[in-house]
Student: 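The structure follows.
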Amino acid sequence: MSDSNIGGEASILEERRRKLEELREQNIAYVNNYTPTNKAKELHDSHGQLSKEELENKKITNLSVAGRIVLKRVMGNASFVTIRDGSGDIQAYISKNNIDTELYKNFKSWDLGDIIGITGNLFKTKTEELTVEAHSIILLTKSLRPMPEKHKGLADIEIKYRQRYLDLMSSPESKEIFIKRSKIVSSIRSSMLEDGFLEVETPMMHSIPGGAVAKPFITKHNALDRELFLRIAPELHLKRLLVGGFDKVFEINRSFRNEGLSTRHNPEFTMLEFYAAFATFNGTIDFTEKIIKSASKAVGNNSKIEWDGDKIDLSNFSTKTLNDLVIEHNSDLCADDLMNLDKLRSYSKSIKMPYKDSWGVGKVLLEIFEKSVEANLIQPTFVTEYPVEVSPLSRRNNENPSIADRFELFIGGKEIANGFCELNDPDDQAERFKEQVKAKADGDDEAMGYDEDYITALEHGMPPAVGVGVGVDRLVMMLTNQSSIRDVILFPQLKS
RNA sequence: GGGUCGCUAGCUCAGCUGGUAGAGCAGUUCGCUUUUAACGAAUUGGUCACAGGUUCGAAUCCUGUGCGACCCA
């Protein structure tokens, strides 16, 4: 059977294994302790601008680089290779004049994908390309499998995600997204720390899922013989810390929601949540805006960005109420209708939006908002005055107890942040939990449970506070102009 | 769950109204001492996703299944 596969995949692997065996026999397979003196990018940055002559006069000798062979051009007794390290690419010139004849012969059998080290001088070719002239070369790691196609890279989107390393080694563009992701997270962290927030870590495994309206993943602790839930949000633990006396806390970490996969949803996703005691609602809106602007700057954007074909101006955030937006985008509704359950139900029918009988005014209104308004909020917009009914952890507005002091930020038609004045009245909170428990009993499997310990904490007294959650993955999508969440998560969840 | 598109060499892709499988890259061999997706010559490599059906004949047409992508709910 293997006879019929000569030249096929099996024979490619066989051929490379044969080469590896030769290395093993000479005891030079998988070399360790090789530390190059330079990175490709450093060399380009420090010497790329010099002319061929200037570089020759400088006589930069005895430097070394190491990386994966991504291109190889053999011309008989002299060759060029392009190697790629963590910082970028650099070319090397390998001539029989400068290295051992036997070594040169071996080099010719090295493959694309092999990781090598090169020591030599820096020079520029006649086309002014910065190049390392090799005086010694060494094969550090033999690659047994072929790299992705060298011109077009990986086209199979599933392999791109499942074998992300292949994507990263062949696509500098993909790599750049994840470098930017790191810069964005780092910028967020700096913004928080500079403003006096304390970074904390709270449990990922909860006995009662809470802090958001979503389905949890269920797991089991064997020794305790107890069901546990992967957290859907860190909120309730962070607020316990406010009770404890930390005035400003934040956490950047994973939460988990047991929902479908889409270009906008991954079951595990990263959120920034921060809570500030004694902060004001409007001040927090401004701070949220500042975090996003700084993060955008950190990846080299100016205030005008493009996301998914939309032009977005990050220098211009506006604030509008939910009711105003619903009326603006639904000409058949007037302000009075928004308080009338029958009117909202009949309107829902007219726009073919299904609703449940258990839903009150607030829930129906929110659904209408999500269906008719959200996608149109392209420019940065803080939406305020959410119904209390759909905001079980938010403080009621002083003037209008049916709305919450809450905002959500939309950019590019997508929800980026959600914040509100925190509900610190334990009795009100207990009532809201009861409503959630009732909703759960009525079949809403996204409703929260009753968290008695959290009520106890509130009874000890939580200072007035404002809290915000920011979807980090979506923020990265926006700031790197990606339309799928899978392109900003290194190892996204896939079907099967 | 519904719809649309896709699945052909290790990789990237052609393959017309049905006539028995193609290119580039990678691999192998040879040549080539400043190349730039290096080049030139030769060469290897296929259960055309799978299963049925139509047909003298199917990668191609039909039906079903699987896997994937996107859109909608």
Side-chain angles (χ1 to χ4, degrees), chain A residues 1-20 44 52 55-56 68-84 89-99 101 104-105 107-114 120-134 142-163 165-167 169-172 259-265 308-309 348 351-356 367 370-372 375 413 482-487 492-496:
Chain A
M1 203 59 199
S2 69
D3 287 349
S4 63
N5 202 4
I6 295 163
E9 186 184 25
S11 88
I12 288 172
L13 298 188
E14 250 171 55
E15 181 66 28
R16 292 203 179 190
R17 283 206 171 270
R18 191 187 56 72
K19 292 172 181 175
L20 175 63
H44 286 293
K52 188 169 160 61
L55 192 57
E56 258 162 41
R68 194 183 288 280
I69 303 175
V70 291
L71 291 172
K72 186 168 176 235
R73 299 175 284 278
V74 177
M75 305 161 297
N77 294 317
S79 303
F80 287 91
V81 288
T82 303
I83 64 164
R84 178 169 295 164
D89 294 357
I90 190 155
Q91 177 173 265
Y93 176 67
I94 296 156
S95 160
K96 218 173 182 175
N97 293 349
N98 301 322
I99 66 168
T101 308
Y104 186 78
K105 193 176 150 233
F107 157 77
K108 286 207 273 186
S109 73
W110 296 356
D111 292 293
L112 295 185
D114 289 353
N121 306 337
L122 206 54
F123 80 109
K124 276 197 165 177
T125 62
K126 58 188 177 189
T127 53
E128 297 271 317
E129 175 156 353
L130 192 68
T131 303
V132 178
E133 181 185 54
K142 182 71 199 164
S143 168
L144 296 174
R145 292 175 181 272
M147 276 189 75
E149 213 267 355
K150 73 181 183 185
H151 317 320
K152 296 191 176 174
L154 267 184
D156 186 324
I157 199 156
E158 194 181 351
I159 293 176
K160 173 175 155 144
Y161 299 136
R162 281 195 203 281
Q163 295 178 273
Y165 47 89
L166 293 178
D167 176 40
M169 76 172 70
S170 62
S171 165
E259 292 159 3
L261 309 174
S262 80
T263 48
R264 271 153 297 149
H265 298 90
D308 241 352
S348 294
I351 61 170
K352 297 195 168 65
M353 190 199 84
Y355 61 85
K356 289 180 186 162
E367 293 287 327
E370 287 181 357
K371 192 176 167 71
S372 61
Q482 297 302 308
S483 49
S484 171
I485 197 169
R486 287 179 202 144
D487 290 320
Q493 193 64 45
L494 299 173
K495 288 181 198 166
S496 77

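Everything quoted here is computed from the prediction, not taken from an experiment. Within every chain, numbering begins at 1; the chains are lettered A, B, ... in the order of the sequence lines, protein sequences first and strands thereafter.
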Student: Any strand counts, and the cut-off is 3.5 Å on both contacts for Watson-Crick or G-U wobble. Which nucleotide pairs with G6(B)?
Tutor: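 Checking every strand shown, G6(B) finds its partner in C67(B), with both distances under 3.5 Å.
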Student: Looking across every strand, which nucleic acid part, if any, lies under 4.0 Å from K19(A) by heavy atom: base, sugar-phosphate, or nothing?
Tutor: sugar-phosphate
Student: Out of U36(B), A69(B), U33(B), which nucleotide sits closest to the side chain of L494(A)?
Tutor: A69(B)
Student: Hunt down the Watson-Crick or G-U wobble partner of C32(B), both distances under 3.5 Å, from any strand shown, or write none.
Tutor: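 C32(B) is unpaired by these criteria.
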Student: For U35(B) and R73(A) - does any side-chain N or O of the residue sit under 4.0 Å from the phosphate oxygens OP1/OP2?
Tutor: no
Student: Quick check for you: among U33(B), C13(B), C32(B), whose closest atom lies nearest to any side-chain atom of V74(A)?
Tutor: C32(B)
Student: When you measure only distances, ignoring hydrogens and angles, does the side chain of T82(A) come within 3.5 Å of the base of U36(B) through a donor and an acceptor?
Tutor: no
Student: If the cut-off is 4.0 Å, is K150(A) near the phosphate of C11(B), judged by side-chain N/O to OP1 or OP2?
Tutor: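 No, K150(A) has no side-chain N/O under 4.0 Å of OP1/OP2 on C11(B).
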Student: Report yes or no: does H265(A) contribute a side-chain atom to a donor-acceptor pair with the main-chain N or O of I485(A) at less than 3.5 Å?
Tutor: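 No.
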Student: Please determine if a side-chain N or O atom of K126(A) lies less than 4.0 Å away from the OP1 or OP2 oxygen of U35(B).
Tutor: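 For U35(B), OP1 or OP2 has a side-chain N or O of K126(A) closer than 4.0 Å.
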Student: When you measure only distances, ignoring hydrogens and angles, does the side chain of Q91(A) come within 3.5 Å of the base of U35(B) through a donor and an acceptor?
Tutor: yes
Student: For E149(A) and K152(A), indicate whether the former's side chain and the latter's backbone hold a donor-acceptor pair under 3.5 Å.
Tutor: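 A pair under 3.5 Å: yes.
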Student: Using a 4.0 Å heavy-atom cut-off across all strands, classify N97(A) as base, sugar-phosphate, or nothing.
Tutor: base
Student: Over all strands shown, is Y104(A) touching base, sugar-phosphate only, or nothing at heavy-atom distances under 4.0 angstrom?
Tutor: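 Nothing: the residue Y104(A), judged by heavy atoms under 4.0 Å, touches no strand.
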Student: Nearest to the side chain of T131(A) - G68(B), U33(B), U35(B)?
Tutor: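 Nearest nucleotide to the side chain: U35(B).
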Student: Would you tell me if any nitrogen or oxygen in the side chain of R486(A) comes within less than 4.0 Å of OP1 or OP2 on G68(B)?
Tutor: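 Checking R486(A) against G68(B): no side-chain N or O falls below 4.0 Å of OP1 or OP2.
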